[in-house]
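Could you have a look at this structure, given as structure tokens, before my questions?
Chain letters run A, B, ... following the sequence lines, proteins first and then strands; every chain starts at 1. We use all heavy atoms of the structure for the numbers below, so side chains are in, but hydrogens, waters and symmetry mates are not.
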Number of protein chains: 2
Amino acid sequence: MDERQLRILRELGELGSVTAVAEALLVTPSAISQQLRLLQRAIPVPLTERQGRRLVLTDAGQALAGAAIEVETALERARHAVAEFVDRPDGEVSVAAFHSAGSAFFPLLLRGLAAPGGPRLALADADVTQDDFPPLTREYDLVLAHRLEHTPGWPRTVTATTLLREPLDVAMPVDHPLAVKRRLTPRDVADQPWITAHDGFPVVATIDAIATAAGRRLRLAHRINEFAVVAEAVAAGGGLALMPRWTMRPHPALVLKPLSGVQARRHIDALHRPERTARKAVRTVLAELHRAAGTIRGRG
Amino acid sequence: MDERQLRILRELGELGSVTAVAEALLVTPSAISQQLRLLQRAIPVPLTERQGRRLVLTDAGQALAGAAIEVETALERARHAVAEFVDRPDGEVSVAAFHSAGSAFFPLLLRGLAAPGGPRLALADADVTQDDFPPLTREYDLVLAHRLEHTPGWPRTVTATTLLREPLDVAMPVDHPLAVKRRLTPRDVADQPWITAHDGFPVVATIDAIATAAGRRLRLAHRINEFAVVAEAVAAGGGLALMPRWTMRPHPALVLKPLSGVQARRHIDALHRPERTARKAVRTVLAELHRAAGTIRGRG
DNA sequence: AATGATCCTTTAGTTTCCCTACATCGATCC
DNA sequence: GGATCGATGTAGGGAAACTAAAGGATCATT
């Protein structure tokens, strides 16, 4: 007893003849007849009987045909199950972000998508080296990653859209001698001790660029990833540091000065596997991320 | 997307690896892999993904696997649908009977099966020639038919069980000259005018037997099928008639006298197609018919 | 009563589909 | 870094379902 045989039985009940079923299912009457015989072989009581030259269902056949409707209904529901899953506007969407993006984007996402009926957010922080951002798309629907402008970009396996192109400024205590200048050159800052991230993290490459532009090696005094910690270290006189202009909450004891002559700008990208945007809920969150990026850029 | 593929997807969700599914379904992992690929071909979003060297369901795959459970449930219900139909004790059972059997058996059936939860009766009268009883089993679950003892019996296509072997007596007015005798011989009645059924109806053959035993032709004055009408005709002096001893309500103006020397006995049989007794409700009614036959015999 | 049309079934042959066997590739373990 | 485990691809064989053609039964028509 399989789905096709039940389908045939049901159609026979509704259409009333083998020939009509055959036409409806686009096969020969012979095929219908054979399938009915196979179905009957599995059932100890007659499902069909001759009525003149037509074949009709017995009471037992009608009982089984009724059950066949449930089977077809369930199959139809299964066929639409994926589409429903895909089209749900209120599905759960997981978003991972490195720390500073999280602190800037997460509040805007939470407020922008607080309305009921919208996507339910599952937020997570994930501060990893640049190479480890793409694999995160296995676990999260959307991954906020950063990379420096003019770097190779992301592997083909993930789709990336740029949310923000954010300048990196030089952070220093408000009473630092360089704080009086409006802009800084690589030469201005080459003598200073630096606080930078661990190797493999995106911002490090800019430090190298400054060294190249100034023609000398920089002194890397401290290696701190977390910008909030970096800010405290800078405020305490531990050295200069590159800090994002928009995504960090301004520290009262620090000033940010733009840097000339070096590409000091990072991209904040949303990474995801291509198929993830098949879900409406994911697309909604992605759109909200772009809106949030506009807000962040505008208030900078 | 068919039942087997959905089954495989569901098992993959529960067992967590292609190999485990293959072992559970008693096929090779290659077969599972191929079926999953076929299923995936019909769905625009990934249903599975690699996790290390295992294969697991994506969220979309889990959504579809959930729908697969409904499909399997419906199929299982379908597999039991016929059995449930067959085992229902309260199904409708149709019973057809010739007139005198109906008047004797129907009241006993209705009283014996009045309890709720038992079979629902659909009774019908059907007075047909002997040859037309078997075809009635197409339309009715049980058919009460009659035939004379020592006649060929019913065709192989129907199952027959004898309910009653009922003597046929000679009916006459209470003031008839023959009414003084305890028993009658063929010779006693051969001179009398007779009231008999139309040709083709069972009782007619006994009339022939009487004629043969007496060595002369009988005078068939009237041809009346319905025993109630026959009784009135006999009471009015229209002639003698053969009448069943038990299944007719006694007429106040008639007496019944047994006949010697001739097999004057009819069988009241329950006919049905063999498969009909697969239904519990039909078996219940058949048993009740036998019980009713005992009652009728006992009060005779 | 005969003829033709309709409907179902049977048989034989072909096509399609699914599975096994075997090889390969990638991931994990020691 | 070899060994093992798990999944997948390919080729081939066998089962299952279909088509085509013929035959039998029923019904309508003349």
Side-chain angles (χ1 to χ4, degrees), chain A residues 1-43 46-58 61 65 68 75 131-132 134-139 155-157, chain B residues 1-43 46-58 61 65 68 75 131-132 134-135 138-139 155-157:
Chain A
M1 177 183 310
D2 64 17
E3 183 232 330
R4 176 142 188 84
Q5 291 169 353
L6 289 176
R7 176 93 201 278
I8 288 173
L9 194 75
R10 181 196 166 184
E11 296 289 356
L12 180 62
E14 293 185 6
L15 299 176
S17 89
V18 170
T19 304
V21 175
E23 284 169 5
L25 301 185
L26 303 173
V27 292
T28 58
S30 176
I32 300 300
S33 184
Q34 292 174 63
Q35 288 303 308
L36 283 173
R37 191 168 43 137
L38 287 178
L39 175 60
Q40 182 65 77
R41 207 171 58 180
I43 310 279
L47 298 171
T48 59
E49 61 185 354
R50 292 297 286 261
Q51 195 175 84
R53 53 188 174 189
R54 311 179 89 82
L55 194 75
V56 300
L57 298 189
T58 60
L75 262 167
D131 293 343
D132 290 340
L136 288 177
T137 58
R138 160 187 296 284
E139 198 169 349
R156 295 275 174 195
T157 54
Chain B
M1 175 183 310
D2 63 17
E3 184 230 331
R4 174 144 189 83
Q5 292 169 352
L6 290 176
R7 174 93 200 277
I8 287 173
L9 193 76
R10 180 194 167 185
E11 295 289 356
L12 180 61
E14 294 185 5
L15 298 175
S17 88
V18 170
T19 304
V21 175
E23 285 169 4
L25 301 184
L26 303 173
V27 293
T28 58
S30 178
I32 300 299
S33 185
Q34 291 174 63
Q35 288 303 309
L36 284 172
R37 187 162 47 116
L38 287 178
L39 175 59
Q40 183 65 76
R41 207 171 57 181
I43 309 280
L47 298 171
T48 60
E49 62 185 353
R50 294 296 286 260
Q51 193 174 85
R53 53 188 173 189
R54 312 179 89 84
L55 194 75
V56 299
L57 297 189
T58 61
L75 262 167
D131 292 342
D132 290 339
R138 163 186 296 282
E139 197 169 349
R156 294 276 173 194
T157 54

May I ask you to say what B:L26 touches in the nucleic acid, namely base, sugar-phosphate or nothing, with a heavy-atom cut-off under 4.0 Å?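 Since only primed, P, OP1 and OP2 atoms lie under 4.0 Å of B:L26, the category is sugar-phosphate.
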Side-chain N or O of A:R37 closer than 4.0 Å to phosphate OP1/OP2 of C:dC8: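 No.
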Among the nucleotides D:dA7, C:dC19, D:dT26, which one has an atom lying closest to any side-chain atom of A:R53?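 Among the listed nucleotides, the one closest to the side chain of A:R53 is D:dT26.
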From the set D:dG6, C:dT9, D:dC18, return the single nucleotide nearest to any side-chain atom of A:R4.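 That would be D:dC18.
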Just checking A:I32: base, sugar-phosphate only, or nothing, at a heavy-atom cut-off of under 4.0 Å?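 No contact.
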Considering heavy-atom distances to DNA chain D, does B:P29 or A:Q51 have its closest nucleotide positioned more toward the 5' end?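 Its nucleotide being nearer the 5' end, the pick is B:P29.
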Answer with base, sugar-phosphate or nothing: what part of the nucleic acid does A:T19 contact at a heavy-atom distance below 4.0 Å?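 Result for A:T19 = sugar-phosphate.
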Please check this pair: side chain of A:T58 against backbone of A:L47, looking for a donor-acceptor N/O pair closer than 3.5 Å.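 Yes, the answer is positive, given that a donor and an acceptor are paired below the 3.5 Å cut-off.
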Round to the nearest Å and state the distance from B:L38 atom CG to C:dT16 atom C1'.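 After rounding, the gap between these two atoms is 12 Å.
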Nearest whole angstrom, please: distance from the C1' of C:dC8 to the CG of A:L15.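 So the CG-C1' distance, A:L15 to C:dC8, works out to 16 Å.
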Check if the side chain of B:S30 and the base of D:dG9 share a donor-acceptor pair of N or O atoms closer than 3.5 Å.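 Side chain to base: pair present.
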Taking CD in B:Q51 as the centre, count heavy atoms belonging to other residues, nucleotides or ligands within less than 6.0 Å. Is the count above 12?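 Result for CD/B:Q51: open.
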Length of the CD-C1' vector between B:E49 and D:dG6, whole Å: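 Distance check: B:E49 CD to D:dG6 C1' gives 16 Å.
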Any chance the side chains of A:E23 and A:T19 put a donor and an acceptor closer than 3.5 Å?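 No - no donor-acceptor pair under 3.5 Å links their side chains.
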How close or far is atom P of D:dT8 from atom CG of B:L39, stated in whole angstroms?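 Nearest whole value for this atom pair: 13 Å.
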Given atom CZ of B:R7 and atom P of C:dC19, what is their separation to the nearest angstrom?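 Going from B:R7 (CZ) to C:dC19 (P), I get 13 Å.
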Measure from the side chain of A:R50, starting at C-beta and using heavy atoms only, and say which of C:dT20, D:dT19, C:dC8 lies closest.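 Among the listed nucleotides, the one closest to the side chain of A:R50 is C:dC8.
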Rounded to whole angstroms, how far apart are CD on B:E23 and P on D:dC5?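 So the CD-P distance, B:E23 to D:dC5, works out to 12 Å.
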Heavy-atom donor-acceptor pair, B:Q40 side chain to B:I43 backbone, under 3.5 Å: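 Yes.
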Nearest-angstrom distance from the residue atom CD of A:E3 to C1' of C:dC17: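 So the two atoms are 16 Å apart, to the nearest Å.
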Please work out if A:T28 contacts a base, only the sugar-phosphate, or nothing of the nucleic acid, heavy-atom cut-off 4.0 Å.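 If one applies the 4.0 Å heavy-atom cut-off, A:T28 turns out to touch a base.
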Test for a donor-acceptor pair under 3.5 Å between the base of C:dT20 and the side chain of B:Q34, counting only N and O atoms.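 Flag set: donor-acceptor pair detected.
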How many whole angstroms separate atom CD of A:Q35 from atom C1' of C:dC8?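 It is 16 Å, rounded to the nearest whole Å.
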Looking at the side chain of A:S33, which of C:dT9, D:dT8, D:dC18 is the nearest nucleotide?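 Per side-chain heavy atoms of A:S33, the pick is C:dT9.
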Quick one: CG on B:L9 to CD on B:E14, what's the gap to the nearest 0.5 Å?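 These two atoms lie 10.5 Å from each other.
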